[in-house]
Amino acid sequence: MKFSPSKNIYIPVLLVVSLLAGCASPLDIPTTVTPEAVVETTSSIGIERAPEIRFGILEDISATNVWAIYGRSGSGYWNQAVQGAYWPHLYQLNSSPLGYVPQVADGFPGEFVQEGSYVTATILLRDGLTWTDGEELTASDVAFTGNTALAYQLKNDWQIYYNPLVLDHIEAAGRYQVKYYFTQAPAVSDWYYGILLAPIVQEGYWKPFVDDITRLIPDETLRAEIAAYEARVAGLQAIVDQEQLAIAYGYEEGPTNANLTKNEEELIYILNELRELQDTYELRLDTARQVLFSIDNQEEPSLGPWKFQQRETGLSIVNGFNQEYFGSNTVAASYANGAYILSNSENTETLAAYGQVDGEATLVYHVGPFFERSVYLVYSSEDAALDALRRGEVEAVLSQQGLSKEAVVQFQADPGINVAGNERRSLRYLAFNLSRTYFSRAAFRQAVACTLDLSDLAQNELAGDISIASGYVSPHDIFWSNPGGILPCVGDTEQERFEQAAALLGEAGFDWQQKPAWNQSENTPIPGQGLVLPEGVYFPQITLLAPTVDHDPVRAMAAQEIVHSLQNLGIPVKLELKAYQDVIVDVYGTKNYDLVLLGGRLGYFPDYLCAFSRAQDILVEDACGGFLSTSSLDDARQQAFHLQELLVSEVPFIPLYYPVTYDVFRDIQYPFVEVQDGLTSGLHGAADIAQPVISP
């Protein structure tokens, strides 16, 4: 039940029901299954499961050990696509406002409490949930998982789930009561988008292994020795800094050069000693991690909808339905006003959240699984997997980056294969180097946003390749997207955009030797010439940087259109396509650029609003400080809305478009098909809600 956001956090399926009002398939192939049709195929008493659902995957799994899957660099997509549904989570995200729905937690997160030097938070668990070995899920399982990640200083996903900079430790305060101890109140990204979404392992299975390996972890003596050396380094560094200043300014009664040299030499010696201790510490810790990662866990209990059944290395992996899965045969219903209802097979309400039900449900669907097994067949290439789909060997093909239009267009005329296109959680945007004084006026950046319109490309040359951005957060992301945070001139005609852009520049004091105008008879712009800054000097020749066609042909084509639009406004700009790595060096290294067409992954927590702004706009930077540090989800949402309105005004960067990804599947149906990153790329095939197509 999980899919992949940025930062490699993996979030359960229920989030996607928010996305039904989004883009239709650019290939215009109808694939949506109505909620009524799905409900009719499901027994109200129990689920009659088909034998198996088969997915084509392009790589074999490289690890089965949960600590390695989430803690080893590069271990993410395929391992989690196949095995991510084994482990439970405290919460999962769904479509309703505020977004959080308990999975194994009982109720919603409470308030943070100051207790001595700690900030604490307590989560209650549902009782009666059992692992596949019959043992009950308890608070000890949750505490053990987080404390192990902290003790081994696990990296990658584990470090995102359990940020050691804010989380000190976790305790089981009761059989079903988990208590978290923080050194400071955690930010929303650390709490709601970290800890509360982390996978949970069973303590009873893993504790004997971990206890045995713990002897390899560096002890308190070494940690104390490192701390002592760090203190000595800090003290000596302060003395050296003071002595260097005193000598440089010739203070009377100041230190001698001999004293400074002696202290500098001692500082270097202690630094070298500290580095040796740190290297020893990290080597021991890494040894412990590698032993932990190497444990054979084939008998590990699971608690999700699927459990491991069998594997043929390099060929296939089979998951079996978990008969004890607590979420099976539940019905989820979302309503237009944000209300969310979860019911069991007897229509008994088990969860009601986010207000009273009002009006008709916008989506109703059953949670399965609807198959006894989910089978993952390994293919050597995307072409081989798609050919297997055509022959009916698999029902769907998974792809880490999603399938391209070119890959799926072959199925457009095949009535037996469904094709669905969705925008990826990845944004292409135009960034300004705000250290350039000629970009300092917000009115100039607003005018650029007004004149840029890639809709012709999206509808013609790049049809099916891109989805145009209208604001700073996709409207698909209904919790975080501010409906009022729309870019300037969105929805206007080409003429209206062009004339409004010219008006914005004129009102801000810009002028031209020849003003831009609109040719009514030809319905085309007449480019401006000789753009003059308000200071009375000509606007300088500038350059738009973008990666080469080899790296990203779509971005290169979009860059050409951007240059053409800016030139029509009279802005003297030329395009420079460079190797991607050279672009990165210019932007983040030398900072020698004017405009650049960049791209970035979008996390489910929209901290990208600040990251893409590059902290060059003071107003935006100030707003980002509160947004990124608040512990309150409500407050974070309000600040995100304010931040989007500020970005629309300041325009430190301009969102342009989202690349489009495609799903192809046959002989199965989903209750929804519109979801960012797609069903097969983003949701790993959603094996727990996919249903077999029942032939008449």
Side-chain angles (χ1 to χ4, degrees), residues 3-4 13 16 24-33 38 41 49-61 77-78 80-85 306 311-312 314-319 368-422 424 464-465 659-675 677-695:
F3 64 102
S4 131
V13 156
V16 302
S25 166
L27 292 184
D28 294 325
I29 297 177
T31 57
T32 305
V33 179
V38 174
T41 65
R49 295 182 178 82
E52 63 185 23
I53 182 172
R54 300 164 299 175
F55 297 101
I57 60 176
L58 309 185
E59 290 182 23
D60 193 5
I61 59 175
Y77 180 80
W78 296 108
Q80 296 186 33
V82 175
Q83 303 167 92
W306 301 102
R311 177 189 181 192
E312 290 186 68
L315 297 176
S316 66
I317 308 99
V318 179
N319 290 333
F370 297 92
F371 300 89
E372 293 294 339
R373 297 177 299 279
S374 57
V375 180
Y376 299 84
L377 302 175
V378 182
Y379 292 92
S380 59
S381 68
E382 183 179 282
D383 288 342
L386 292 174
D387 191 50
L389 176 78
R390 182 184 295 104
R391 296 194 307 270
E393 291 180 5
V394 296
E395 280 70 57
V397 174
L398 305 189
S399 174
Q400 183 170 7
Q401 301 301 325
L403 298 171
S404 67
K405 179 181 66 177
E406 290 71 22
V408 304
V409 71
Q410 59 182 302
F411 300 112
Q412 186 171 2
D414 189 332
I417 296 179
N418 297 310
V419 180
N422 289 285
R424 291 175 56 194
D465 289 320
V660 171
T661 184
Y662 286 89
D663 296 312
V664 288
F665 53 94
R666 63 180 301 153
D667 303 326
I668 55 174
Q669 59 187 4
Y670 292 96
F672 49 82
V673 295
E674 293 179 1
V675 47
D677 271 343
L679 289 161
T680 52
S681 175
L683 297 187
H684 302 157
D688 58 331
I689 59 172
Q691 295 194 29
V693 172
I694 300 175
S695 301

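Only a predicted model underlies this, so the values are computations on that prediction, with no experimental measurement involved. Residue numbers count from 1 along this sequence. Any value given below was found using the heavy atoms of this structure, including those in side chains, with hydrogens, waters and symmetry copies removed.
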Do the side chains of P671 and I689 get nearer than 4.5 Å, heavy atoms only?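 The answer is yes, as the side chains (C-beta and beyond) meet within the 4.5 Å cut-off.
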
Check whether any side-chain heavy atom of F672 sits under 4.5 Å from a side-chain heavy atom of L679, and report yes or no.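 Sidechains of L679 and F672: in contact.
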
Working to the nearest 0.5 Å, report the span between [atom1] of [X] and [atom2] of [Y].
| X | Y | atom1 | atom2 | value |
| --- | --- | --- | --- | --- |
| K405 | T661 | NZ | OG1 | 13.5 Å |
| D677 | L683 | CG | CG | 8.5 Å |
| W306 | Q83 | CH2 | CD | 14.5 Å |
| Y77 | S681 | OH | OG | 5.0 Å |

Counting distance only, does the side-chain N/O of Y662 pair as donor-acceptor with the main-chain N or O of G464 below 3.5 Å?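 Confirmed, Y662 side chain pairs with G464 backbone.
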
Main-chain N/O of G685 paired with Y670 side-chain donor or acceptor, under 3.5 Å: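 Judged by distance alone, yes, a pair lies under 3.5 Å.
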
Considering all heavy atoms, the nearest [X]-[Y] contact:
| X | Y | answer |
| --- | --- | --- |
| L386 | A407 | CD1-O, 3.7 Å |
| Q691 | F371 | C-CZ, 3.8 Å |
| F665 | V673 | CZ-CG1, 4.1 Å |

Applying side chain to side chain contact (heavy atoms under 4.5 Å, CB included), run through I57 and V82 and close with a yes or a no. CA-CA 9 Å; I57 60 176; V82 175; 4.2 Å; yes

Listed by chain and number, what are the side-chain hydrogen bond (donor to acceptor under 3.5 Å, both in side chains) partners of T680, not counting sequence neighbours?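 Expected list: D663.
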
Do any side-chain atoms of residues 394-403 form donor-acceptor pairs under 3.5 angstrom with protein atoms, and if so which ones, sequence neighbours left out?
unit_1: E395; atom_1: OE1; unit_2: R54; atom_2: N; d: 2.7
unit_1: E395; atom_1: OE1; unit_2: R54; atom_2: NE; d: 3.2
unit_1: E395; atom_1: OE2; unit_2: R54; atom_2: NE; d: 3.3
unit_1: E395; atom_1: OE2; unit_2: R54; atom_2: NH2; d: 2.6
unit_1: S399; atom_1: OG; unit_2: G402; atom_2: N; d: 3.3
unit_1: S399; atom_1: OG; unit_2: G402; atom_2: O; d: 3.3
unit_1: Q401; atom_1: OE1; unit_2: R424; atom_2: NH2; d: 3.2

Can you name the one residue among I61, I53, N319, V318 that meets side chain to side chain contact (heavy atoms under 4.5 Å, CB included) with Y376?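 Among I61, I53, N319, V318, the one meeting side chain to side chain contact (heavy atoms under 4.5 Å, CB included) with Y376 is N319.
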
CA sep, side-chain torsions, deciding dist, call: L389, I417, side chain to side chain contact (heavy atoms under 4.5 Å, CB included): CA-CA 9 Å; L389 176 78; I417 296 179; 4.2 Å; yes

Going through the checks in order, is the side chain to side chain contact (heavy atoms under 4.5 Å, CB included) test met by N418 and F411? CA-CA 8 Å; N418 297 310; F411 300 112; over 6 Å; no

Candidate pair D60 and R311, rule salt bridge (charged side-chain N to carboxylate O under 4.0 Å, His left out), full reasoning: CA-CA 10 Å; D60 193 5; R311 177 189 181 192; 3.0 Å; yes

Give the intermediate values and the outcome of side chain to side chain contact (heavy atoms under 4.5 Å, CB included) for residues Q412 and V419. CA-CA 7 Å; Q412 186 171 2; V419 180; 6.0 Å; no

Check: F55 ring centre within less than 6.0 Å of H684 ring centre: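 Aromatic pair excluded; centres sit 6.0 Å or further apart.
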
